[in-house]
Amino acid sequence: MAMDLNAKAAYIRGLMTGMEFDPASKNGKVIAAMMDLLEEMAAQVVEHDNALDQVYDELETLDQDVDDIVSDLYADDDDDEDDDAEEDSDEGLYEVTCPNCGKVSTVDEETLLDQTQELVCPYCNASFDIELEGTEDEQPEDNDQ
């Protein structure tokens, strides 16, 4: 667009030259002043367009740099924090199914191993005992007899 303005201003200047009008007359002075103004404005617009293009290029580069910095700073930390949080929160927790309502809740290892108290379902408030696998004295079955 900006180059079109310069080309159009030059075309109009050429028309003025071809018309052979008198720049010393009152009308000629106005037209010559308007032509000078038009050429200055076209040059200024071209200059601003070039500067704006440069600013957009620099802004795009800065935006990419900021994105890289953000991903470097937060991507690894977020992944590590999420992994650590999952490991910490799941460590020592076991799922227990309530025999009354059938809903699953989590119990920590200490509560699970404490045989002096019954477990209470947080959903239906039913008390129940649990049987831990491998804790009873199991007699091996002889299938060969």
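Below, each value reflects all heavy atoms present in this structure, side chains not excepted, and no hydrogens, waters or symmetry copies. Residue numbers run from 1 in the order of the sequence given.
- Atoms NZ and CG, from K29 and D22 in turn, are 9.5 Å apart once rounded to the nearest 0.5 Å.
- With sequence neighbours excluded, the residues satisfying side-chain contact (heavy atoms from CB on, under 4.5 Å) with L38 are A9, I12, M35.
- For the residue pair S71 and D68, no side-chain donor N or O sits within less than 3.5 Å of a side-chain acceptor on the partner.
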The test is side-chain contact (heavy atoms from CB on, under 4.5 Å); show your working for C98 and F128 and say whether it passes. CA-CA 8 Å; C98 174; F128 59 94; 4.1 Å; yes
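- Note on D36 versus R13: salt bridge recorded, some NZ/NE/NH1/NH2 to OD/OE distance being below 4.0 Å.
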Determine, step by step, whether T111 and L119 satisfy the side-chain contact (heavy atoms from CB on, under 4.5 Å) criterion, reporting the C-alpha distance in whole Å, the side-chain angles of both residues, the deciding distance to 0.1 Å, and the verdict. CA-CA 8 Å; T111 305; L119 295 175; 3.6 Å; yes
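- Pairing each heavy atom of T97 with each of G102, the nearest pair is CG2-O, 3.6 Å.
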Before giving the answer on side-chain contact (heavy atoms from CB on, under 4.5 Å), spell out for V96 and T106 the whole-Å C-alpha distance, their side-chain angles and the decisive distance to 0.1 Å. CA-CA 6 Å; V96 178; T106 56; over 6 Å; no
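- A donor and an acceptor atom, one from each side chain of Q54 and E58, are located under 3.5 Å apart.
- Atom OG of residue S105 and atom CD of residue E95 lie 9.0 Å apart, to the nearest 0.5 angstrom.
- Expressed to the nearest 0.5 Å, how far CG of L59 lies from CG of L52 amounts to 10.5 Å.
- To the nearest 0.5 Å, atom CD of residue E39 and atom CG of residue L5 are 12.0 Å apart.
- The shortest heavy-atom contact between C124 and N100 is SG-ND2, 3.3 Å.
- Atoms CD and CG, on E47 and N50 in that order, are 8.0 Å from each other to the nearest 0.5 Å.
- In terms of heavy atoms, A32 sits closest to M16 at CA-CE, 4.1 Å.
- With hydrophobic clusters built from ILVMFWY side chains whose heavy atoms lie under 4.5 angstrom apart, V104 does not share a cluster with Y94.
- Here CG of D53 is found 6.5 Å from CG of D49. Values are rounded to the nearest 0.5 Å.
- Remark: N27 CG is loosely packed, at most 12 non-hydrogen atoms of other residues, nucleotides or ligands lying under 6.0 Å away.
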